[in-house]
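Below: the structure, in structure tokens.
In this text, all values refer to a predicted model and were calculated from it rather than measured experimentally. Numbers restart at 1 for each chain; the letters A, B, ... are given by sequence-line order, proteins then strands.
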2 protein chains.
Amino acid sequence: MFQALADSTRRAILVRLCEGPASVSELARPFAMSLPAIVQHLQVLEASGLIRSEKIGRVRSCSIVPSAVRLAEAWLRSRRTAQESRLDRLESFLDSPDPPTTPRSTP
Amino acid sequence: MFQALADSTRRAILVRLCEGPASVSELARPFAMSLPAIVQHLQVLEASGLIRSEKIGRVRSCSIVPSAVRLAEAWLRSRRTAQESRLDRLESFLDSPDPPTTPRSTP
DNA sequence: TGAATACTTAAGCATGTGCTTAACAATCAG
DNA sequence: CTGATTGTTAAGCACATGCTTAAGTATTCA
């Protein structure tokens, strides 16, 4: 999933899809890149679960999967909060003027 | 940055660093991988801004940069909320029983 | 000083990734 | 049916990535 997010073209496609579903050629339009290249990016995005797509007639409509984005977000948040709560514990330890567990007195 | 997050070894290193700073060989210990390989991963992580490191004597101490993690998180959140607010607007549009801007009557 | 520790640098290699072109479906419009 | 539109498949190529080993450098300790 982070692998899928690692490419700037794919991120740009995601940004576009935030505005609503789009077809393959619609997604390809802004890029100076062949259509098969875009299709490959879409395959990576779909394999990662970040988007889904459905083919109706000859046009494939792609849309974002918010729950997948939320998943990546949650991973990062849990890393960050783990780190921050560690800092908080350290801070409160350093701030505590006279911890009862420490026999030494503050000079 | 997402590029740096794309590798599972690097993500595992980040998870480890959430528990506090660590030296290079300390970070390398859990992995069945040569030390230079780990150093390369650390270079990628540091170049992306996700970690920083400082060499004291002969040991390099690495630690996480929470603000960078927050940045990646914010990117994902803004994508997700953009998408969700779009859905909300659609929903409220569909729910509105009689929009005053629409001249047609509901049959 | 001399050996052990803790990295660092450099070179090389296998595999993965992002792109291309060319050729092939499949569907819709006239 | 014809031909334009929309996408798909396949092959191939250049470069990036993740690893390795071998040979350094710097720092600490006995």
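Distance A/Glu26 CD to D/dT6 P: 10 Å, rounded to the nearest Å. The separation between B/Arg60 atom CZ and D/dA26 atom P is 14 Å, rounded to whole Å. Between A/Arg10 atom CZ and C/dC19 atom C1' the separation is 12 Å, expressed in whole Å. Distance, A/Phe31 CZ to C/dG18 P: 13 Å, rounded to whole Å. Rounded to an integer number of Å, the gap from CD1 of B/Ile38 to P of C/dA6 is 16 Å. Spacing between atom CD of B/Gln43 and atom P of C/dT9 amounts to 7 Å, rounded to whole angstrom units. Atom CG of A/Leu42 is separated from atom P of C/dG18 by 13 Å (rounded to the nearest Å). Atom CG of A/Leu5 is separated from atom P of C/dG18 by 12 Å (rounded to the nearest Å).
Between B/Glu84 and A/Arg70 there is a salt bridge, since a side-chain N of the basic residue sits under 4.0 Å from a carboxylate O of the acidic one.
Residue A/Ser25 has a polar side-chain atom (N or O) positioned under 4.0 Å from OP1 or OP2 of D/dG7.
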Cut-off 3.5 Å, no hydrogens considered: what does the side-chain donor-acceptor table look like for residues 17-29 of chain B, sequence neighbours left out?
| from | atom 1 | to | atom 2 | distance (Å) |
| --- | --- | --- | --- | --- |
| B/Ser23 | OG | B/Glu26 | N | 3.2 |
| B/Ser23 | OG | B/Glu26 | OE1 | 3.3 |
| B/Glu26 | OE1 | B/Ser23 | N | 3.0 |

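The CG atom of B/Leu5 lies 11.5 Å from the CE atom of A/Met1; values are rounded to the nearest 0.5 Å. A distance of 12.5 Å separates CZ in B/Phe2 from CZ in A/Arg10, rounded to the nearest 0.5 Å. A distance of 11.5 Å separates CG in B/Leu14 from OG in B/Ser8, rounded to the nearest 0.5 Å. Atoms CG and SG, on B/Leu50 and B/Cys62 in that order, are 12.5 Å from each other to the nearest 0.5 Å.
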Between the protein and nucleotides 19-25 of chain D, are there any N/O to N/O pairs under 3.5 Å, and if so, what are the atom names and distances?
| from | atom 1 | to | atom 2 | distance (Å) |
| --- | --- | --- | --- | --- |
| D/dC19 | OP2 | B/His41 | NE2 | 2.2 |
| D/dC19 | N4 | B/Gln40 | OE1 | 3.3 |
| D/dC19 | N4 | B/Gln40 | NE2 | 3.4 |
| D/dT20 | OP2 | B/Ser34 | N | 2.8 |
| D/dT20 | OP2 | B/Ser34 | OG | 2.8 |
| D/dT20 | O4 | B/Gln40 | NE2 | 3.4 |

Pairs under 3.5 angstrom, nitrogen or oxygen only, protein versus nucleotides 26-30 of chain C, please.
| from | atom 1 | to | atom 2 | distance (Å) |
| --- | --- | --- | --- | --- |
| C/dT27 | O2 | A/Arg58 | NH1 | 3.0 |

Any N/O pairs under 3.5 Å between the protein and nucleotides 14-16 of chain C? List them or say none.
none

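In the hydrophobic clustering of this structure, B/Leu35 groups with B/Leu42; members are Ile, Leu, Val, Met, Phe, Trp, Tyr whose side-chain heavy atoms approach within less than 4.5 Å, directly or through other members. A/Leu76 is not connected to B/Val44 by any chain of hydrophobic side-chain contacts under 4.5 Å among Ile, Leu, Val, Met, Phe, Trp and Tyr, and they are in different clusters.
The nearest pair of heavy atoms linking B/Leu45 to B/Ile13 is CD1-CG2, 3.8 Å. Looking at every heavy atom in both residues, B/Asp7 comes nearest to B/His41 through OD2-CE1, 3.4 Å.
For B/Ser61 and B/Glu54, the side-chain atoms include no donor-acceptor pair closer than 3.5 Å.
Applying the side-chain hydrogen bond (donor to acceptor under 3.5 Å, both in side chains) criterion to A/Glu73, with sequence neighbours excluded, gives B/Arg80.
When the local axes at the two ends of the helix from C/dT1-D/dA30 to C/dG30-D/dC1 are compared, using 5 base pairs at each end, they differ in direction by 20° after rounding to 10°.
At least one test fails for B/Arg77 against the ring of B/Trp75: distance under 6.0 Å to the centre or angle within 45° of the axis.
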Intermediate values then yes/no, side-chain contact (heavy atoms from CB on, under 4.5 Å), B/Arg52 and B/Ser63: CA-CA 6 Å; B/Arg52 68 185 139 67; B/Ser63 52; 3.0 Å; yes
